[in-house]
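Index from 1, following the sequence. Worth knowing before you read on, the calculation uses all heavy atoms, side chains too, and leaves out hydrogens, waters and symmetry mates.
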Amino acid sequence: MTHRRVAGPIRTALVGFGVAGSVFHAPLIAHNADYQLAVIVSRDAQRVATATQRYPQARIVPDWDALVQLIDSGALAVDLIVLATPPAQHRAQALQASARGIHLVVDKPFAPDVAAADAMIHAAQQANTLLTVFHNRRWDGDFLTLKQLLQDDALGTVRTFESRFEWWRPEGFGNWRDRVSVAQGGGLLLDLGSHLIDQAIQLFGPVQEAYAELARHGGAQSDNDEDCFVSLLHHNGVRSRLWMNGQAALNAPRFHLLGSQRAFTHWGLDNQEPQLAAGMSPLDPRYGVTPAEGDTRIGLPGDIEAVAVQRGNYPAFYQQLAHALLDGAPPPVAAVDALAVLKLITQLHQQHHVRVA
């Protein structure tokens, strides 16, 4: 599908300045010359102070309605809106943006349900605007490294793939993720599972069968899951086993892949998020570089070698998006890819209720 192009710089409004907005989107946009970070939407006093200090060129707007009023009055021209808001808000905001001919980046989770995602995609198609979803984990350094090893056929025929996002956060995330229900977009399966399932599909293709085990250890104040296991059987015969857990006192390997010739193991999470959170510029030569600590290995008994991890590259998302908006290239992430992940997660939620321990 084609979409309407824009002239640079791409005038961008960032809606939401929590972790997603402040740590990921704002630095990546502000350090890309193809963009102008024109507006930041937040009403939280501390976040407003931080946004004003870091991005003095950006106009601060208190809420979504105020942003829409400025656009409708002609006082503000925007080419792109980035929705770094909770998933339950995405549908209404996206439909209003598309109705005004504005392109969209939607943070994941894409939407709390398939109907909302379908409506968002349809509205963008009708408006001839671009809609993409921020599956930034496609540009994790460890994922890029594994992807290259598979392209080089360095492991033989892949049999099983294990992937984990694990933290020790017994107190929770400290934000909306702890409170909202599954129907509102809560739970680790929808949040972190969106990344892990997307990565597995990117590596091994469509899924034939899926199974999940979902649990909550923090009581029954919500039906959202905080300890998840998902098993996927891909059409090509590879079995992916995925874990998402906010209650893991010690972590297992981030990636563990068994092939017919060799295996691959990687420990530790990609370091771009903590670097961005610490204020490192994406243009810094140290950005995205994983120290060589021997935690990434390939081989078999008696023949194990360390693997250098590729440099992580979250800026590639916005680089590819700029190419799409300015030159008509494909988006960095197709919305239908995010929809396929959401459909699978919905299927797993329908199959299994959360067990409360």
Practice item. Mind running salt bridge (charged side-chain N to carboxylate O under 4.0 Å, His left out) on Lys108 and Asp191 for me, showing each step along the way? Key: CA-CA 7 Å; Lys108 64 92 228 145; Asp191 185 28; 2.4 Å; yes

Practice item. Tell me, yes or no, whether the heavy-atom count around His122 atom NE2, taken from other residues, nucleotides or ligands under 6.0 Å, exceeds 12. Key: no

Check your understanding: Any side-chain heavy atom of Thr129 sitting closer than 4.5 Å to one from Ile102?
Key -> no

Practice item. Measure up the Phe255 and His266 rings against each other and bin them: parallel (under 30°), tilted (30 to 60°), perpendicular (over 60°). Key: tilted

Check your understanding: Side chains of Gln272 and Asp270: donor-acceptor distance under 3.5 Å anywhere?
Key -> yes

Point to revise | Whether Asp327 side chain and Ala329 backbone form a donor-acceptor pair below 3.5 Å | key: no

Practice item. Could you tell me whether the side chain of Tyr35 reaches within less than 4.5 Å of the side chain of Val82, counting heavy atoms only? Key: no

**Study point:** Asn224 versus Arg216, side-chain donor and acceptor atoms under 3.5 Å
**Key:** yes

Review point. For residues Asp65 and Gln69, is any side-chain donor paired with an opposing acceptor at under 3.5 Å?
Key: no

Point to revise | Glu209 vs Leu232 side-chain heavy atoms within contact, under 4.5 Å | key: no

**Study point:** Between His234 and Ser240, a side-chain donor and acceptor under 3.5 Å
**Key:** yes

Review point. Can you check whether Phe264 and His256 have ring centres sitting under 6.0 Å from each other?
Key: no

Check your understanding: Going by distance alone, is a donor N or O of one side chain under 3.5 Å from an acceptor N or O of the other, for Asp227 and His217?
Key -> yes

Review point. Under 4.5 Å between any side-chain heavy atoms of Val68 and Arg100, yes or no?
Key: yes

Review point. Side-chain contact, heavy-atom cut-off 4.5 Å: Glu162 with Arg164?
Key: yes

Exercise for review: Kindly indicate, with the supporting measurements, whether the criterion side chain to side chain contact (heavy atoms under 4.5 Å, CB included) is fulfilled by Ser98 and Gln125.
Suggested key: CA-CA 9 Å; Ser98 295; Gln125 290 173 339; over 6 Å; no

Practice item. For the pair Phe17 and Tyr55, name the ring-plane relationship: parallel under 30°, tilted 30 to 60°, perpendicular over 60°. Key: perpendicular

Review point. Judged by modelled atom types alone, do His31 and Tyr318 share a side-chain donor-acceptor pair under 3.5 Å?
Key: no

Check your understanding: When you look at CZ of Arg286, are more than 12 heavy atoms from neighbouring residues, nucleotides or ligands closer to it than 6.0 Å?
Key -> no

Point to revise | Lys147 with Asp140: basic N within carboxylate O range, under 4.0 Å | key: no

Point to revise | pair Trp243-Asn251: side-chain heavy atoms closer than 4.5 Å | key: no

Review point. How about Thr12 and Val78: do any of their side-chain heavy atoms sit closer than 4.5 Å?
Key: no

Check your understanding: Parallel, tilted or perpendicular: which describes the rings of Phe165 and His195, with under 30° parallel and over 60° perpendicular?
Key -> perpendicular

Review point. Can you find a side-chain donor-acceptor pair between Arg137 and Tyr314 that sits under 3.5 Å?
Key: yes

Check your understanding: Can a donor-acceptor pair be found between the side chains of Arg239 and Ser231 at a distance below 3.5 Å?
Key -> yes

Check your understanding: Is there a donor in the side chain of Gln93 and an acceptor in the side chain of Thr85, or the other way round, less than 3.5 Å apart?
Key -> yes

Exercise for review: Would you tell me whether Ser163 and Arg254 have side-chain atoms, one donor and one acceptor, within less than 3.5 Å of each other?
Suggested key: yes

Review point. Any chance CD of Gln57 has more than 12 other-residue heavy atoms, nucleotides or ligands included, within less than 6.0 Å?
Key: yes

**Study point:** Donor on one side chain, acceptor on other, Asn128 and His3, under 3.5 Å
**Key:** no

Review point. In terms of side-chain heavy atoms, does His103 have a donor or acceptor partner in Asp79 at a distance below 3.5 Å?
Key: no

Point to revise | Any Leu76 side-chain heavy atom under 4.5 Å of Val39 side chain | key: yes

